[in-house]
Novice: 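Got a structure for you, written out below as structure tokens; questions coming shortly.
Here the structure is a predicted model, which means the values were calculated and not measured.
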Amino acid sequence: MAKESIIQSAFEHATERYAALGVDVNRALADMKKISFSLHCWQADDVTGFENQGGALTGGIQVTGNYPGRARTIDELRTDIKQATSYIPGSHRLSLHEIYGDFQGKIVDRDEVEPEHFQSWMEWAKENDLKLDFNSTSFSHPKSGDLTLANPDDEIRNFWIEHTKRCRRISEEMGKFQQDPCMMNLWVHDGSKEVPANRLRYRQLLEQSLDEIFETKYEHMKDCIEAKLFGIGLESYTVGSYDFYLEYGAKKGKIVTLDTGHFHLTKSVADKVSSLLLFTPEIMLHVSRPVRWDSDHVVILNDDISDLAREIIRCQALDRVHIGLDYFDATINRVGAYVVGCRATLKAFLQALLEPSALLQQYEDEGKYFERLALQEELKSLPWGAVWDMYCLQADVPVGETYIPCVQQYEKEVTSKRS
């Protein structure tokens with residue numbers, strides 16, 4: 001780790017530099033401590049879960065790579081997550097899919113799952129200062145096929161309705177246990193490889209299913225509905241499109257989930273934030289990096305994530321936007337993937353908090369668009385990295401690249417020994 005004196009000296013210089021623009025660096029650091037990400041459990045085991053070990057992924061989901069050391073058990077998964085969070089500043093959450101239940105080797109179908117199958121997760125999370133979020137799991141099941149909640153077959157559709165109802169009840173128990181609302185995300189892959197004879201038919205079925213699922217009101221969980229652009233093998237038609245869920249969320253007062261990989265690459269997800277804040281109660285983010293559509297690469301500090309963070313901060317919407325990560329890369333060290341993506345996303349929010357918003361707004365109000373653009377460009381080279389180093393130092397996590405040998409050591413001692 002770099003000497004604390006060097007970090008302190010650089011931080012003091014950065015504080016003065018930002019103060020000249022009207023930015024309070026210490027306030028930005030205090031605001032950073034309020035940001036809590038929801039880490040995705042499926043990065044550590046390639047979306048395998050513990051319901052049916054070794055089963056193939058379906059529903060348009062693919063994981064590429066076979067880097068050694070995938071978590072194979074609940075204990076291994078928990079150990080990896082705990083290790084990853086030790087390199088990430090801040091206090092964060094953990095998002096679970098239903099297939100990650102503690103089933104104790106028993107066969108529990110998805111329409112039979114109960115809160116008791118996640119009791120050990122609740123207790124473990126509390127012991128490790130984590131809050132839990134939850135997801136229903138419609139993929140990788142004999143009854144998933146191409147259609148679940150939008151399936152014309154009553155038996156199959158009712159199976160998935162019951163599954164999702166139970167997931168909401170599990171989320172309620174999680175929220176009650178942790179005394180903090182559990183974010184319950186609903187995503188289904190339903191679609192068609194070719195254009196169906198009647199698009200409306202399936203969307204009517206999905207709407208009816210959602211209405212039935214949401215009939216029961218809960219106090220300790222929040223419903224989120226996530227759209228999809230298309231799925232592999234289901235390219236021509238997606239029932240739960242962004243248009244569908246945006247309108248359903250606005251009409252029914254549900255939280256719309258924006259997955260940054262679920263849009264055409266030319267679309268700006270950041271541009272959607274201000275509109276959603278006007279018409280929906282809150283927003284859920286799934287942060288990914290779509291190199292080629294929904295390829296779910298590890299998040300890096302690029303323009304897309306920077307724009308998204310800036311938009312949230314400019315809208316003063318940190319209390320209405322919930323931030324989750326959603327990527328899975330099996331080509332590199334999986335613990336390292338957690339750390340790189342989470343730290344990159346945190347850096348984007350720190351940069352946004354260090355923006356001299358008052359001065360930029362003043363330039364805009366006065367019609368000084370050259371000045372606004374010039375300042376926005378100069379902000380890119382200001383010493384925000386010195387502030388980041390201080391944030392990590394205060395959080396007692398590795399500063400800069402010094403976490404790399406820590407991850408390497410964990411791989412040598414733990415993950416490399418998994419067959």
Novice: If you look at every heavy atom in Ser288 and Asp259, which pair is closest and at what distance?
Specialist: CB-OD1, 4.2 Å
Novice: Less than 4.5 Å apart, any side-chain heavy atom of Ser136 and any of Met184?
Specialist: yes
Novice: Looking at Val321 and Leu277, what are the two nearest heavy atoms and their distance?
Specialist: CG2-CD2, 4.5 Å
Novice: Can you find a pair of side-chain heavy atoms, one from Arg70 and one from Thr415, that are under 4.5 Å apart?
Specialist: no
Novice: Measure from the ring center of His92 to the ring center of Tyr338 and say whether it is less than 6.0 Å.
Specialist: no
Novice: Determine which pairs satisfy side chain to side chain donor-acceptor pair (under 3.5 Å) with at least one residue from residues 264-277, sequence neighbours left out, and list them in order.
Specialist: none
Novice: Got a second to check how far Leu21's CG is from Ser357's OG, nearest 0.5 Å?
Specialist: 11.5 Å
Novice: Any heavy-atom pair between the side chains of Lys176 and Gln179 that's under 4.5 Å?
Specialist: no
Novice: Less than 4.5 Å apart, any side-chain heavy atom of Ile332 and any of Val298?
Specialist: yes
Novice: What's the verdict on side-chain hydrogen bond (donor to acceptor under 3.5 Å, both in side chains) for Asp102 and Gln104, showing C-alpha distance, side-chain angles and the deciding distance?
Specialist: CA-CA 6 Å; Asp102 189 357; Gln104 299 290 320; 2.8 Å; yes
Novice: Give a yes or no on whether the backbone of Pro68 and the side-chain of Arg418 come within a donor-acceptor separation of less than 3.5 Å.
Specialist: no
Novice: Any side-chain heavy-atom pair from Glu207 and Tyr202 closer than 4.5 angstrom?
Specialist: no
Novice: What I want to find out is whether Glu215 reaches Lys165 closely enough, with some N-O distance under 4.0 Å, to be called a salt bridge.
Specialist: no
Novice: Indicate yes or no: at least one non-hydrogen side-chain atom of Phe244 is less than 4.5 angstrom from one of Leu210.
Specialist: yes
Novice: For Phe349 and Met32, run side chain to side chain contact (heavy atoms under 4.5 Å, CB included): C-alpha distance rounded to whole Å, both residues' side-chain angles, the deciding distance at 0.1 Å, then the answer.
Specialist: CA-CA 8 Å; Phe349 276 90; Met32 282 295 292; 4.3 Å; yes
Novice: Kindly say whether Phe328 contributes a backbone atom to a donor-acceptor pair with the side chain of Arg334 at under 3.5 angstrom?
Specialist: no
Novice: Do Gln204 and Gln208 have a side chain donor and acceptor closer than 3.5 Å?
Specialist: no
Novice: How close do Pro290 and Leu265 get, heavy atom to heavy atom, and via which atoms?
Specialist: O-CD2, 2.9 Å
Novice: If you measure from OG on Ser171 to NZ on Lys222, what distance do you get to the nearest 0.5 Å?
Specialist: 13.0 Å
Novice: In the structure I gave you, are the side-chain heavy atoms of Ser38 and Met183 within less than 4.5 Å of one another anywhere?
Specialist: no
Novice: Let me confirm one number: the CD1-CD distance from Ile213 to Glu162, rounded to the nearest 0.5 Å.
Specialist: 10.0 Å
Novice: Any chance the rings of Tyr242 and His262 have centres within less than 6.0 Å?
Specialist: no
Novice: Taking everything shown except Arg27 itself, do over 12 heavy atoms lie less than 6.0 Å from its CZ?
Specialist: no
Novice: Say whether, by atom type as modelled, one donor and one acceptor occur between the side chain of Tyr237 and the main chain of Arg199 under 3.5 angstrom.
Specialist: yes
Novice: Applying side chain to side chain donor-acceptor pair (under 3.5 Å), which residue pairs with at least one partner in residues 248-258 are found, sequence neighbours left out?
Specialist: Asn185-Thr257, Asp211-Tyr248, Asp211-Lys252, Asp223-Lys254
Novice: Any sub-3.5 Å donor-acceptor pair from Ser209's side-chain atoms to Ile161's backbone N or O?
Specialist: no
Novice: With ring centroids as reference points, do His141 and Phe159 lie under 6.0 angstrom apart?
Specialist: yes
Novice: In Å, rounded to the nearest 0.5 Å, how long is the span from OG of Ser144 to CH2 of Trp160?
Specialist: 5.5 Å
Novice: Donor-acceptor check, side chain of Glu311 to backbone of Leu308, threshold 3.5 angstrom: yes or no?
Specialist: no
Novice: Checking the side chain of Asp109 only, and the main-chain atoms of Asp111 only, is there a donor and an acceptor separated by less than 3.5 Å?
Specialist: no
Novice: Just verifying a value: how many Å separate Lys82 NZ and Asn128 CG, rounded to the nearest 0.5 Å?
Specialist: 4.5 Å
Novice: Measuring only between side-chain heavy atoms, which start at C-beta, is Pro281 closer than 4.5 Å to Ile255?
Specialist: yes
Novice: Show your working on side chain to side chain contact (heavy atoms under 4.5 Å, CB included) between Ile81 and Leu94 and close with a plain yes or no.
Specialist: CA-CA 9 Å; Ile81 290 168; Leu94 177 65; 3.6 Å; yes
Novice: Does Thr137 offer a backbone N or O that forms a donor-acceptor pair with the side chain of His163 under 3.5 Å?
Specialist: yes
Novice: How close do Lys193 and Gly233 get, heavy atom to heavy atom, and via which atoms?
Specialist: CB-O, 3.2 Å
Novice: Between His117 and Phe103, is a ring-ring contact (aromatic ring centres under 6.0 Å, His included) present by the stated rule, with each step listed?
Specialist: CA-CA 6 Å; His117 299 121; Phe103 301 116; 5.4 Å; yes
Novice: Scan for salt bridge (charged side-chain N to carboxylate O under 4.0 Å, His left out) pairs involving residues 125-153, sequence neighbours excluded, and state none if there are none.
Specialist: Arg93-Asp133
Novice: State plainly whether the residues Glu114 and Arg169 are in salt-bridge range, i.e. N to O under 4.0 Å.
Specialist: yes
Novice: Mind listing the closest non-hydrogen atom pair of Thr345 and Val299 along with its distance?
Specialist: OG1-CG1, 3.6 Å
Novice: Hey, is the main chain of Leu39 close enough, under 3.5 Å, to the side chain of Ser95 for a donor-acceptor pair?
Specialist: no
Novice: Distance check, rounded to the nearest 0.5 Å: Ile74 atom CD1 versus Ser120 atom OG?
Specialist: 5.5 Å
Novice: Determine the minimum heavy-atom distance between Met284 and Cys224, stating which atoms define it.
Specialist: CB-SG, 3.9 Å
Novice: Output yes when a side-chain donor or acceptor of Glu172 lies under 3.5 Å from a complementary backbone atom of Tyr218, and no otherwise.
Specialist: no
Novice: Scan side-chain atoms only and decide if Tyr100 and Asp45 contain a donor-acceptor pair under the 3.5 Å cut-off.
Specialist: yes
Novice: Could you walk me through whether Glu51 and Arg110 pass the salt bridge (charged side-chain N to carboxylate O under 4.0 Å, His left out) test, one step at a time?
Specialist: CA-CA 9 Å; Glu51 169 199 74; Arg110 297 190 194 173; 2.8 Å; yes
Novice: Would you check, one step at a time, whether the test side chain to side chain contact (heavy atoms under 4.5 Å, CB included) holds for Ile88 with Val397?
Specialist: CA-CA 6 Å; Ile88 300 168; Val397 301; 6.0 Å; no
Novice: Keeping the roles fixed (side chain from Gln43, backbone from Asp329), state whether a donor-acceptor pair exists under 3.5 Å.
Specialist: yes
Novice: Going by the salt bridge (Lys or Arg N to Asp or Glu O under 4.0 Å) test, name the single residue among Glu378, Glu364, Glu355 that passes it with Arg372.
Specialist: Glu364
Novice: Are there over 12 heavy-atom neighbours, none belonging to Ile107, within less than 6.0 Å of that residue's CD1?
Specialist: no
Novice: After noting the C-alpha distance and the side-chain angles of His322 and Leu285, does the key distance pass the side chain to side chain contact (heavy atoms under 4.5 Å, CB included) rule?
Specialist: CA-CA 6 Å; His322 307 273; Leu285 293 180; over 6 Å; no
